[in-house]
2 protein chains.
Amino acid sequence: MTNQLDSFFGAMADPTRRAVIEQLASGPASVSALHAPHKMALPTFMRHLRVLEETGIVRSIKKGRVRTCHIEAAPLIEAQGWLAWQREIWESRLDRLESLTHDIARNEEE
Amino acid sequence: MTNQLDSFFGAMADPTRRAVIEQLASGPASVSALHAPHKMALPTFMRHLRVLEETGIVRSIKKGRVRTCHIEAAPLIEAQGWLAWQREIWESRLDRLESLTHDIARNEEE
DNA sequence: GAATTAGTTAGCCATATCGCTAAGTGTATT
DNA sequence: AATACACTTAGCGATATGGCTAACTAATTC
């Protein structure tokens with residue numbers, strides 16, 4: 001993975017990891033609380049968490065034997081920004097195309 | 001890959017494929033035009049295109065020996081929507097947390 | 001201080017992904 | 001008719017990913 005977006009999109013490509021994000025969106029949670037809804041073995045799940053943490057989407061602090069995880073905003077915002085940017089270019093092009101089509105239609109009416 | 005978002009994010013995780021999206025955002029292009037900026041072999045590149053097409057991000061029509069590709073809006077919009085939704089939940093929670101912190105601060109002042 | 005709980009480390013296996021080359025198909029172009 | 005062009009198909013190899021079990025560490029709880 002080369003840059004921020006690579007690892008971000010890579011991280012979001014897995015349903016388990018997206019589910020973790022969804023759960024964390026409504027508040028911090030421990031590893032076992034996050035693991036509970038998923039059928040997979042804990043080590044397997046931990047790997048998903050590590051991916052999210054390495055990507056900077058999730059941060060965690062260990063207190064005693066409990067590790068508490070929470071979301072980090074920046075990567076989500078950056079990705080959303082990229083998508084919005086693409087969409088902007090693409091929609092403005094569609095607009096131009098549409099007005100062009102109108103022009104053609106008008107010419108044909110004459 | 002289970003659902004739309006899985007394959008979408010998976011597709012966007014590769015820099016070559018994001019570059020293709022960026023190029024297509026400003027207008028349709030042929031396979032070779034899309035391939036030109038990339039150093040990889042054509043078959044390798046074609047695989048990336050196929051991923052984008054299978055995901056529904058790109059569509060293409062072949063006329064004569066030239067295949068012309070263009071962007072399809074829906075998947076980008078859906079993904080952006082998902083991110084926006086997550087962010088909304090997460091930001092509203094932050095707001096609640098902040099007001100809670102204010103309350104605590106106020107209590108401590110008393 | 002023994003047992004339980006919460007997470008961690010190590011290592012295995014199957015499949016997916018990303019790169020390549022070589023050779024083939026069908027459409028222009030000369 | 002021969003050549004060149006624009007893909008396309010087939011198949012290889014290396015690495016990454018997502019799952020597992022077994023065994024371990026450290027912090028509570030009884």
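Quick note on labels: first sequence line is chain A, next is B, and so on, each numbered from 1.
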Might you point out which heavy atoms bring B:A25 and A:Q86 nearest each other, and give the distance in Å?
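Closest pair (atom of B:A25, atom of A:Q86, distance): CB-NE2, 3.4 Å.
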Write down the distance between CE (A:M12) and P (D:dG18), rounded to a whole number of angstrom.
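The answer, rounded to whole Å, is 13 Å.
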Rounded to whole angstroms, how far apart are CG on A:L52 and P on D:dT17?
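It is 13 Å, rounded to the nearest whole Å.
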Validation: residues 32-47 of chain B side-chain donor-acceptor distances under 3.5 Å, sequence neighbours left out:
unit_1	atom_1	unit_2	atom_2	d
B:H35	NE2	B:M40	O	2.7

Tell me every residue that passes salt bridge (Lys or Arg N to Asp or Glu O under 4.0 Å) with B:R18, counting only those two or more places apart in sequence or in another chain.
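With sequence neighbours excluded, B:R18 shows a salt bridge (Lys or Arg N to Asp or Glu O under 4.0 Å) to A:D6, given in chain and number order.
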Is a donor on one side and an acceptor on the other found under 3.5 Å between the side chain of A:R17 and the backbone of A:M12?
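Here the side-chain-to-backbone pair does not exist.
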Distance, nearest 0.5 Å, that separates CG of A:L24 from SG of A:C69:
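Here the rounded value is 6.5 Å.
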Can you tell if the side chain of B:P28 reaches within under 4.5 Å of the side chain of A:R93, non-hydrogen atoms only?
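The answer is yes, as the side chains (C-beta and beyond) meet within the 4.5 Å cut-off.
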Going by heavy atoms closer than 4.0 Å, what residues in residues 57-72 of chain A are next to DNA chain C?
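A:K62, A:R65, A:V66, A:R67, in order of number.
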Please list residues of residues 29-50 of chain B whose heavy atoms come under 4.0 Å from any atom in DNA chain C, ordered by number; otherwise none.
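Within this stretch, B:M40, B:A41, B:P43, B:T44, B:H48 sit under 4.0 Å of the strand.
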Which atom pairs, one a donor and one an acceptor, fall under 3.5 Å between side chains of residues 51-63 of chain A and the rest of the protein, sequence neighbours left out?
unit_1	atom_1	unit_2	atom_2	d
A:E53	OE1	A:S60	OG	3.2
A:E53	OE2	A:S60	N	3.3
A:E53	OE2	A:S60	OG	2.8
A:T55	OG1	A:V51	O	2.7
A:S60	OG	A:R67	NH1	2.9

Donor-acceptor pairs under 3.5 angstrom involving side-chain atoms of residues 70-83 of chain B: please list them, not counting sequence neighbours.
unit_1	atom_1	unit_2	atom_2	d
B:Q80	OE1	A:R87	NH1	3.0
B:W82	NE1	A:E22	OE2	3.1

